[in-house]
Peer 1: 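I'd like to ask you about the structure that follows.
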Amino acid sequence: MNGNFTKLRGMKDILPDEIELWQRVEKAFIEVCEIFGFKEIRTPILENKYLFVRGIGATSDIVMKEMYEFKDKKGREIALRPEGTASVVRAYIENKVYITKKIARFYYYGPMFRYDRPQKGRYRQFYQFGVETFGGKHPFFDGEIVQILDISLKKIGIENFVFIVNSLGCRICKNKYVEQIKKNLQEKIDKFCEDCKIRIEKNPLRVFDCKNTFCKENLKEVPSILNYLCDDCKNHFDTFVNFLLKFNINFSINSNLVRGLDYYTRTVFEVSTEKDDIAIAGGGRYDNLVEEMGGPDIPAVGFAAGIDRIVQFIKKEDKEEKKPVYFILLGNNAKLKGLEILKECIKEKIMVEVDYEERSLSDNLRIANKIGVKWCLILGDNEIEKGIMILKNMKDGYQIEVNEKEIIKKLKEITKC
RNA sequence: GUGAGUGUAGCUCAGCGGUAGAGCACUGGACUGUGGCUCCAGGAGUCGGGGGUUCGAAUCCCCUCACUCACCCCA
């Protein structure tokens, strides 16, 4: 409320109260990925601007109007990464990973930057967790990453979500289809909204994304891309779908799903939650990108999950947070004695919180109550004389006297449950 | 980039031309080694910022910044 510094537009601070949720989400993804043999990769946040121009597409909105870009002191054109795939592909090619690894599985996590106007679930700095598998053509590689997403989200505690899946076909059938619907749509171009008129010329597939009801109505007569797939693409999609069925993954096919990034081929998918129409994760196959970016002809598939959106989604559940044992040390002798116990606790990984200020027992209990701890350890001159310590349960007020020799054992016991 | 709405105490908000308010939170006390309940008292704000109209602006007008939501686009 003072006139000092405030955070930049579209950015946010994540305070300790919330960080626990973030860590839970991050941990779940990492654990699942590691089980599936994915290895972490960390790439720089700053890259040559043209990496993204080439990777994402010069005409995409991300590149045209949403990139944070600047010139460095030597006049080089730099951009803050707006997504993760381009950087990982760059690193994969630059380090020639394909020579030693037939199949390379990566996961990454970190901030991405897009200069667009903030709104619900959308920030200028946001966090993505993503995976990329290079070198695998088989549809089960697509299935595998869907499964990773599925398991991770369930582990986090999200249940009500569904995978929307589709196939865009390979370069050949995709292009054929685009030409076809471009013709179809042009015939009745007057019936579409202004935005769609531009889309029909520039990128006809995107018309399927329009939320306008009469545009949607007009699309009903347009043939589905699934009818235009070549035999190989069709087989690929069928096998992928069978994988999902086999593993009981909740999905629905929607031939209108096209995804915004131009590099996708064949499989594309999104995770949508029932409550919101906002997607919490999305991904797909990009069989041509590695080659287009100067590498060998290697197929790949990946996804990116919006961690901000996932955290937002699980926010309302109450969190069973681990609480420390609150040490109440009355007087100097108790403080010294308490510190010895504290040292043991650190060794035993028992979570502890101490306020070293000189306060009355009442004050201490009041503070402990406010923090919401389950247990207090009370130690004063009386206890020291008797060689005991008091453990007080803050829920029911019940307290027990514990011999100081037994205290660590007892602390371990009570913090377990 | 376009459109709409909101900025008043730490938080949620009332006031909408005439002395800056409430609830919750906070601090102290009743209660000096036993918290949660209750009661009493207290601290707190250039009313987002700048300019204008007016005897007088939190209130009306203009500009600006931020937030929220929608569009574009996307995670």
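Computation of the quantities below employed the complete heavy-atom set of this structure, encompassing side-chain atoms and omitting hydrogens, waters and symmetry-equivalent molecules. In what follows, chains carry the letters A, B, and so on, assigned in the order in which the sequence lines appear, proteins first and then strands, with residues in each chain numbered from 1.
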Peer 1: Mind checking the C1' distance from B:G56 to B:U19? Whole angstroms is fine.
Peer 2: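 Straight-line distance between the two C1' atoms is 12 Å.
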Peer 1: Could you check which of B:C72, B:A75, B:G35 has an atom nearest any side-chain atom of A:Gln119?
Peer 2: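 Of the candidates, B:C72 comes closest.
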Peer 1: Is A:Arg114 near enough to B:C73 that one of its side-chain N or O atoms lies under 4.0 angstrom from OP1 or OP2?
Peer 2: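 For B:C73, neither OP1 nor OP2 has a side-chain N or O of A:Arg114 closer than 4.0 Å.
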Peer 1: Kindly point out which of B:A75, B:C73, B:C74 is positioned nearest to the side chain of A:Glu66?
Peer 2: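 Of all the options, the side chain of A:Glu66 is nearest to B:C73.
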Peer 1: Please state whether the base of B:C73 and the side chain of A:Arg122 form at least one donor-acceptor pair under 3.5 Å?
Peer 2: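 Flag set: donor-acceptor pair detected.
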Peer 1: Establish whether the base of B:G33 is bridged to the side chain of A:Arg359 by a donor-acceptor pair shorter than 3.5 Å.
Peer 2: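 Answer is no: no donor-acceptor pair is held.
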Peer 1: Please report the distance separating the P of B:G36 from the corresponding atom of B:A44, rounded so that it comes out in whole Å.
Peer 2: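 B:G36 and B:A44 have their P atoms separated by 27 Å.
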Peer 1: What is the nucleic acid contact for A:Gly397, judged by heavy atoms within less than 4.0 Å: base, sugar-phosphate only, or nothing?
Peer 2: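 Base: the residue A:Gly397, judged by heavy atoms under 4.0 Å, touches a nucleobase.
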Peer 1: Do A:Arg117 and B:C74 have a side chain to base donor-acceptor pair shorter than 3.5 Å?
Peer 2: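 Absent.
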Peer 1: Could you check whether A:Ala281 gets within reach of a base, just the sugar-phosphate, or nothing at all, counting any heavy atom under 4.0 Å?
Peer 2: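 Since only primed, P, OP1 and OP2 atoms lie under 4.0 Å of A:Ala281, the category is sugar-phosphate.
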Peer 1: Among B:C67, B:A75, B:A70, find the nucleotide with the atom closest to the side chain of A:Lys120.
Peer 2: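 The closest nucleotide is B:A70.
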Peer 1: Around atom CZ of A:Phe251, are there more than 12 heavy atoms of other residues, nucleotides or ligands at under 6.0 Å?
Peer 2: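 Counting other residues, nucleotides and ligands, CZ of A:Phe251 exceeds 12 neighbours.
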Peer 1: At under 4.0 Å between heavy atoms, what does A:Lys370 touch on the DNA or RNA strands: base, sugar-phosphate, or nothing?
Peer 2: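 Since only primed, P, OP1 and OP2 atoms lie under 4.0 Å of A:Lys370, the category is sugar-phosphate.
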Peer 1: Counting only side-chain heavy atoms from C-beta out, which of B:A75, B:U34, B:C72 sits nearest to A:Arg309?
Peer 2: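 It is B:A75.
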Peer 1: Quick check: are there more than 12 heavy atoms from other residues, nucleotides or ligands sitting under 6.0 Å from CG of A:Leu336?
Peer 2: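 Enclosed.
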Peer 1: Quick check: any donor-acceptor pair below 3.5 Å linking the side-chain of A:Gln399 to the base of B:G35?
Peer 2: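 No pair found.
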Peer 1: Starting at atom CG of A:Asp363, determine the distance to atom P of B:U27, rounded to an integer number of angstrom.
Peer 2: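 The answer, rounded to whole Å, is 9 Å.
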Peer 1: Taking the side chain as every heavy atom from C-beta outward, state whether A:Thr133 and A:Phe36 have any atom pair closer than 4.5 Å.
Peer 2: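 Counting from C-beta outward, A:Thr133 and A:Phe36 never come under 4.5 Å.
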Peer 1: Given B:G35, B:A75, B:C72, identify the nucleotide with an atom nearest to the side chain of A:Asp61.
Peer 2: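 Of the candidates, B:C72 comes closest.
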Peer 1: For A:Tyr127, which contact category applies under a 4.0 Å heavy-atom criterion: base, sugar-phosphate, or nothing?
Peer 2: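 If one applies the 4.0 Å heavy-atom cut-off, A:Tyr127 turns out to touch nothing in the nucleic acid.
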Peer 1: How would you label the contact of A:Lys7 with the nucleic acid (heavy atoms, under 4.0 Å): base, sugar-phosphate, or nothing?
Peer 2: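 The answer is nothing, as A:Lys7 stays clear of every strand by at least 4.0 Å.
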Peer 1: Could you give the CZ-to-P distance, from A:Arg206 to B:C73, as a whole number of Å?
Peer 2: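 Between P of B:C73 and CZ of A:Arg206: 6 Å.
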Peer 1: Surrounding NZ of A:Lys154 (heavy atoms of other residues, nucleotides or ligands, distance under 6.0 Å), is the total greater than 12?
Peer 2: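 Above 12, so yes.
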Peer 1: Measure from the side-chain heavy atoms of A:Leu365 and tell me the nearest of B:G35, B:A66, B:C73.
Peer 2: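 The answer is B:G35, which lies nearest to the side chain.
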Peer 1: Could you check whether A:Asn369 gets within reach of a base, just the sugar-phosphate, or nothing at all, counting any heavy atom under 4.0 Å?
Peer 2: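 Result for A:Asn369 = base.
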Peer 1: Under 4.0 Å, heavy atoms only, any strand: does A:Ser60 hit a base, just the sugar-phosphate, or nothing?
Peer 2: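 If one applies the 4.0 Å heavy-atom cut-off, A:Ser60 turns out to touch nothing in the nucleic acid.
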Peer 1: With a non-hydrogen cut-off below 4.0 angstrom, is A:Met394 in contact with a base, only sugar-phosphate, or nothing?
Peer 2: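 Base contact - A:Met394 has a heavy atom under 4.0 Å of at least one base atom.
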Peer 1: With a non-hydrogen cut-off below 4.0 angstrom, is A:Ile307 in contact with a base, only sugar-phosphate, or nothing?
Peer 2: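 Nothing, no heavy atom under 4.0 Å.
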Peer 1: Are A:Ser360 and B:G33 close enough that a side-chain N or O sits under 4.0 Å from OP1 or OP2?
Peer 2: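 So the side chain of A:Ser360 is within the cut-off, an N or O lying under 4.0 Å from OP1 or OP2 of B:G33.
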Peer 1: Parallel under 30°, tilted from 30 to 60°, perpendicular over 60°: which one fits the rings of A:Phe243 and A:Phe140?
Peer 2: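 Answer is tilted, since the angle falls between 30° and 60°.
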Peer 1: Look at atom NZ of A:Lys410 and say whether more than 12 heavy atoms of other residues, nucleotides or ligands are closer to it than 6.0 Å.
Peer 2: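 Atom NZ in A:Lys410 is not crowded, with 12 or fewer foreign heavy atoms closer than 6.0 Å.
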Peer 1: Between A:Gly380 and A:Asp308, who's closer to the 5' end of RNA chain B by nearest nucleotide?
Peer 2: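 The residue closer to the strand's 5' end, by nearest nucleotide, is A:Gly380.
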